[in-house]
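Beneath this line is the structure, given in C-alpha cells, with notes to follow.
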Amino acid sequence: MSERFSLASEDDADAGVDAARDALARGDLVVLPTDTVYGLAADAFEPTAVDRLRAAKGRGRDMPPPVLVASPTTLDALATAVPLYVREMVEDLWPGPLTIVCRQQPSLTWDLGDSRSTVAVRMPDHPHALALLKQTGPLAVSSANLTGQPPAEDVDLAEAMLGEAVAVYLDGGPASGGPASTIVDVTREPPRVLRLGGIDLETLRAYHPDLEGPDGEGPVRVHDDDTDDDDDEADDDLETAELERDPVDDDDDDDDEDYTGLDEPGGDRRGRTAGS
C-alpha cells in the first residue's frame, strides 16, 4: 500500500523524506515535488527500479529518464569530458531549469534505457527534492504522469494516474508552475539547445557565444565594417529573427527533462526532447 506524507511542516517533511529514501533503497518508486511539475523517481543505479518507472508510465526504453542531482560537483561523477564553459554554466545556473545532455562516464553501472552513452543531468531548485537527493544520490526522475497525459501539478493527480505503482507520495502542495527546463546538448561543438525553457539563449550564449538554437541556427552577427544604414538594417533583421524563433513547445505533454539518447559519435548526433 502506498504511503503519503505532507511536506507542510518540518517534522512531517523529515518523516516523508526518510520514508522516500528507504523506499528508493528498496527499489521502489517515489513521487516528489520539483521546481517544475511533480516527478516520479527511482534509484538511477538500480535497473529494475528504472524498469518499474518506465512500466508505471507506460513508456519504452527509447525514452531514457534524466537524472537529478543535489550538487554541480556530481556532474563529473556522471559525465566525461565536461568542457569548462559547462562547468561555469552549471555553477551559475544550478539549481534551476537547465538540463545538460553529456557523454556519460563509461564506468557507470546503470541502465537508463537506450541513451546512446549520454545522460541528461539537472539540479532542481526545490528544497525537499534536494534534501532527498542529498540522502540518496542521483535519481532517475520523469514526470509523475502516464505517458500521453498532462504532467501532474499536485499529488492527487499523480496518485490518480500512478496509484499503487508508487510506494511513497510526497505532498508539497500545488506545483510551482515554473517553466520547463532548457535542454542543452553539450556532446557536440558548437553545443545546441534542444528545447528552450526557463533559461534563454542570451543567457546561455554568455558561456558559449556560438551556441545554436533549437532550429540549429547560430547567433546573428553584425559586421563592424557595415555602414550606418546597413547597421540599422541588420538590427531590424536581428529583431525579426528573434521574433520568429520557435517558441517553447507548449504541446509537449510530458516531462520537461525527458529526452531521447543522442546518436553515437560519428553519426548524426542530433538530440531531441521526448514526446509521449
Side-chain angles (χ1 to χ4, degrees), residues 1-44 46-60 63-68 70 97 112-113 122 124-181 250-258 274-276:
M1 178 178 291
S2 301
E3 293 183 280
R4 180 164 166 171
F5 294 85
S6 171
L7 302 178
S9 72
E10 184 175 347
D11 288 344
D12 291 341
D14 289 344
V17 168
D18 288 346
R21 176 202 61 205
D22 293 343
L24 290 163
R26 296 192 302 268
D28 292 331
L29 304 181
V30 167
V31 163
L32 73 161
T34 74
D35 49 339
T36 54
V37 294
Y38 272 79
L40 176 64
D43 183 346
E46 179 50 63
T48 58
V50 179
D51 285 344
R52 289 192 186 102
L53 185 154
R54 284 194 292 264
K57 286 181 63 72
R59 65 167 37 173
M63 291 185 178
V67 173
L68 299 190
L112 299 176
R122 187 169 89 87
D125 191 10
H126 191 286
H128 298 112
L130 291 174
L132 180 59
L133 286 161
K134 288 176 182 176
Q135 295 193 39
T136 62
L139 295 175
V141 180
S142 183
S143 57
N145 61 285
L146 297 175
T147 295
Q149 298 298 314
E153 296 184 353
D154 60 44
V155 165
D156 290 335
L157 290 172
E159 191 168 9
M161 286 187 277
L162 300 172
E164 296 297 315
V166 175
V168 173
Y169 289 89
L170 298 180
D171 183 1
S176 67
S181 70
D250 293 329
D251 293 332
D252 186 4
D253 57 8
D254 208 341
D255 181 39
D256 66 308
E257 283 100 31
D258 282 8
S276 294

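Along the sequence shown, residues are numbered consecutively beginning with 1. For the numbers below, each heavy atom of this structure counts, side chains included, while hydrogens, waters and symmetry mates do not.
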**Message:** Testing the basics here: between His126 and Asp35, what is the closest heavy-atom pair and its distance to 0.1 Å?
**Reply:** CB-N, 3.9 Å
**Heavy-atom closest pair, residues Leu24 and Ala41** = CD2-O, 3.6 Å
**Request:** Tell me, yes or no, whether the heavy-atom count around Glu164 atom CD, taken from other residues, nucleotides or ligands under 6.0 Å, exceeds 12.
**Result:** yes
**Asked** If you take all heavy atoms of Ala70 and Leu133, which pair is closest and at what distance?
**Response** CB-CB, 3.7 Å
**Item:** Side chain Arg54, main chain Pro64, donor-acceptor under 3.5 Å
**Value:** no
**Asked** Within the distance-only criterion (no hydrogens, no angle test), does the side chain of Arg52 pair as donor or acceptor with the backbone N or O of Leu29 below 3.5 angstrom?
**Response** no
**Prompt:** With a cut-off of 6.0 Å (strictly less than), are more than 12 heavy atoms of other residues, nucleotides or ligands near CD of Glu46?
**Reply:** yes
**Where Ala167 and Asp28 come nearest, the two heavy atoms and their spacing** = CB-CB, 3.6 Å
**From OG1 (Thr136) to CG (Asp22), nearest 0.5 Å** = 11.5 Å
**Prompt:** So, are Asp156 and Arg4 salt-bridged, with charged N and O less than 4.0 Å apart?
**Reply:** yes
**Prompt:** Testing Asp154, Leu7, Asp171 for side chain to side chain contact (heavy atoms under 4.5 Å, CB included) with Pro33, which one passes?
**Reply:** Leu7
**Message:** Measuring from atom CG of Leu53 to atom CG of Asp43, what distance do you get when rounded to the nearest 0.5 angstrom?
**Reply:** 11.5 Å
**Item:** Residue of the set Val31, Asn145, Leu40 for which side chain to side chain contact (heavy atoms under 4.5 Å, CB included) holds with Met161
**Value:** Asn145
**Asked** Is Leu130 close to Pro124 at the side-chain level, that is, under 4.5 Å between some pair of heavy atoms?
**Response** yes
**Request:** Assess whether side chain to side chain contact (heavy atoms under 4.5 Å, CB included) is satisfied between Leu139 and Leu132, documenting all intermediate values.
**Result:** CA-CA 9 Å; Leu139 295 175; Leu132 180 59; 4.2 Å; yes
**Fill in**
In short, Ser142 meets Arg59 closest at the heavy-atom pair OG-NH1, 3.6 Å
**Request:** Evaluate side chain to side chain contact (heavy atoms under 4.5 Å, CB included) for Leu146 paired with Lys57, printing each intermediate quantity in order.
**Result:** CA-CA 4 Å; Leu146 297 175; Lys57 286 181 63 72; 5.7 Å; no
**Prompt:** Does one side chain, of Ser9 or Asp11, offer a donor that lies under 3.5 Å from an acceptor on the other?
**Reply:** no
**salt bridge (Lys or Arg N to Asp or Glu O under 4.0 Å) involving Asp12 - partner list, sequence neighbours excluded** = none
**Request:** For residues Pro66 and Arg122, determine if any side-chain heavy atom of one lies less than 4.5 Å from a side-chain heavy atom of the other.
**Result:** no
**Message:** If I compare all heavy atoms of Leu170 with all of Val17, which pair ends up nearest, and what's the gap?
**Reply:** CD2-N, 4.3 Å
